[in-house]
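Every chain is numbered from 1, with letters handed out A, B, ... down the list of sequences.
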Protein chains: 2
Amino acid sequence: MSETSGTTANSTGIGSTRVAAYLREAILGGELKPGDRIRQEEVAERLGASRLPVREALRMLEAEGLTEHEAHKGARVPRLSPHEVDVVYRMRERLEPLALAESLPQLGPDEHAQLAEVQQRIEDNEDLEKFLDLDREFHMLTYSGCQIDPLMSNVTRLWNSTQHYRRAFVALGGRSRMWVVNSEHRLILDAVVRRDADDGERFLGGHIRRTRIELSHHPEVFG
Amino acid sequence: MSETSGTTANSTGIGSTRVAAYLREAILGGELKPGDRIRQEEVAERLGASRLPVREALRMLEAEGLTEHEAHKGARVPRLSPHEVDVVYRMRERLEPLALAESLPQLGPDEHAQLAEVQQRIEDNEDLEKFLDLDREFHMLTYSGCQIDPLMSNVTRLWNSTQHYRRAFVALGGRSRMWVVNSEHRLILDAVVRRDADDGERFLGGHIRRTRIELSHHPEVFG
DNA sequence: CCTCTAGATTTTGGATCCAATCGGTGTCAG
DNA sequence: CTGACACCGATTGGATCCAAAATCTAGAGG
């Protein structure tokens, strides 16, 4: 998948969106870790593009909270302190219930079925690595009815910026926490199907809060 | 103020940060309104730069919520629907009290004095246009102790994206609302000086909520 | 008279080259 | 032997030119 270009190397641009997609996956996938520097020419060469679309891509990713920039010093994957991660979770605690409340009325039987299916896949899943993506898919699906861009882009940023620490936490906490997570997902799913916004906000808020508290007991995540 | 360059026009780049600053002021100042298209070459020519730093600047502003991009269609100042603005205010209601709570313990006598001085200037002020900036200055000062970047950048985005509608609202509501706003500011200021985070969150949340409700009664703001 | 289409213009996206700034290393003075 | 300064490589920022996509306009056909 890496050799997007290969033969091309010609006509016109590789596309800054493609470069952005490549880097996005690299960061969310864990190949690029917080603190890692991203050299323009390196990724340009790897993708067979010039440095210009890379520059644009880095700026796009900055808007998504995946990179940070400093003039003449280049781009890095942001590193968050334990306290910063804690505050991001507090932000999620407050914002995501709002997104859920906005989304709920827009979700129909199709989305409900899809949600149940994803949740089932989470429970059947054994791969810790897969869990990350499935969990994200579940929550994002519950928000999929929320059309408010300023809200959804913020929520996405919060997930993005803590992705690395979520991964470390999942790898660490192992399967013991899974049971709790799945119970809470079931409660959220039930509230969604019942279209009960109050319950949804309550359960979701609690879900995120408990995760935050658990996380605060595991400083080794920030190794 | 427009001719940032003037004499320069030489050596090397005008600087994407300078272009960004120019556009930022133009948007926040109201010269560029929601829905307005921003042509790269136009601002490049006006500032005596090439189009490249303009492109970078537009991407920076996108990260601040001041512009939006669509491939091959260029940049625009985002236009928000009444409901979107309402939701942004709900986001502020939830996020800014958190920022205040994070900030409070870090604020000392110097900041307290500065806050009181700004609030006094607001009350002495007669110019509706100035009110916008002063109000923003007051609130941002109360958050100035919050060092959490993911939080502060989000708060800034929320203020940015609704700046135009705030302006229209202030111009409309006129002086009658000012009295209420100032009373609420005094309450917030008092809580800050007393370092009472609970009161601060309460008063600030109410302040934003009441503004949101007032705003929802004035659909003419969205012309 | 309206509409759909095809060409021309405008505008954005990308590649290459050049300038400025940052980081590291080596040398010289104290 | 240690610290400061200067130089050199590496990396980012900017300008110019070219290609592609979108928008606008004009003309033909219904």
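With rounding to whole Å, A:Glu62 atom CD is found 15 Å from D:dG13 atom C1'. The nearest whole Å value for the distance from the CZ atom in B:Arg59 to the C1' atom in C:dG14 is 13 Å. A straight line from CG of B:Leu47 to P of D:dA15 spans 11 Å, rounded to a whole angstrom. Atoms CD (A:Glu56) and P (D:dT12) sit 16 Å apart, rounded to a whole Å. Regarding A:His72, its NE2 atom lies at a distance of 7 Å from the C1' atom of D:dT12, rounded to whole Å. Spacing between atom CD of A:Glu70 and atom P of C:dT21 amounts to 16 Å, rounded to whole angstrom units. Distance CZ (B:Arg76) to C1' (D:dT23): 12 Å, rounded to an integer number of Å. Atom C1' of nucleotide C:dT12 and atom CE of A:Met60 are separated by 12 Å, given to the nearest angstrom.
Side chain B:Arg55 to base C:dG14: a donor-acceptor pair is found below 3.5 Å. Side-chain atoms of B:Arg51 and base atoms of C:dG13 include a donor and an acceptor less than 3.5 Å apart.
Residue contacts shown for B:Leu58 are absent, as no nucleic acid heavy atom lies under 4.0 Å away. The residue A:Arg39 sits close only to the backbone: its heavy atoms come under 4.0 Å of sugar-phosphate atoms, none of a base.
When the nearest nucleotides of DNA chain C are assigned to B:Arg37 and A:Ala71 by heavy-atom distance, the more 5′-ward of the two goes with B:Arg37. Annotation: of the two residues near DNA chain C, B:His69 and A:Lys73, the 5′-most nearest-nucleotide partner is B:His69.
Annotation: the span from A:Leu115 atom CG to A:Asp110 atom CG amounts to 11.5 Å, rounded to 0.5 Å.
OP1 or OP2 of D:dA10 has not a single side-chain nitrogen or oxygen of A:Gln40 nearer than 4.0 Å.
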Verdict with reasoning, B:Glu56 to A:Arg55, per salt bridge (charged side-chain N to carboxylate O under 4.0 Å, His left out): CA-CA 8 Å; B:Glu56 294 237 0; A:Arg55 278 158 74 174; 2.9 Å; yes
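Relative ring orientation between B:Trp159 and B:His139 is described as tilted, the plane-to-plane angle lying within the 30° to 60° band.
Put simply, the side chain of B:Leu98 does not reach to within 4.5 Å of the side chain of B:Glu201, judged on heavy atoms.
Residues B:Asn160 and B:Arg157 bring no donor and acceptor atom of their side chains to less than 3.5 Å of each other.
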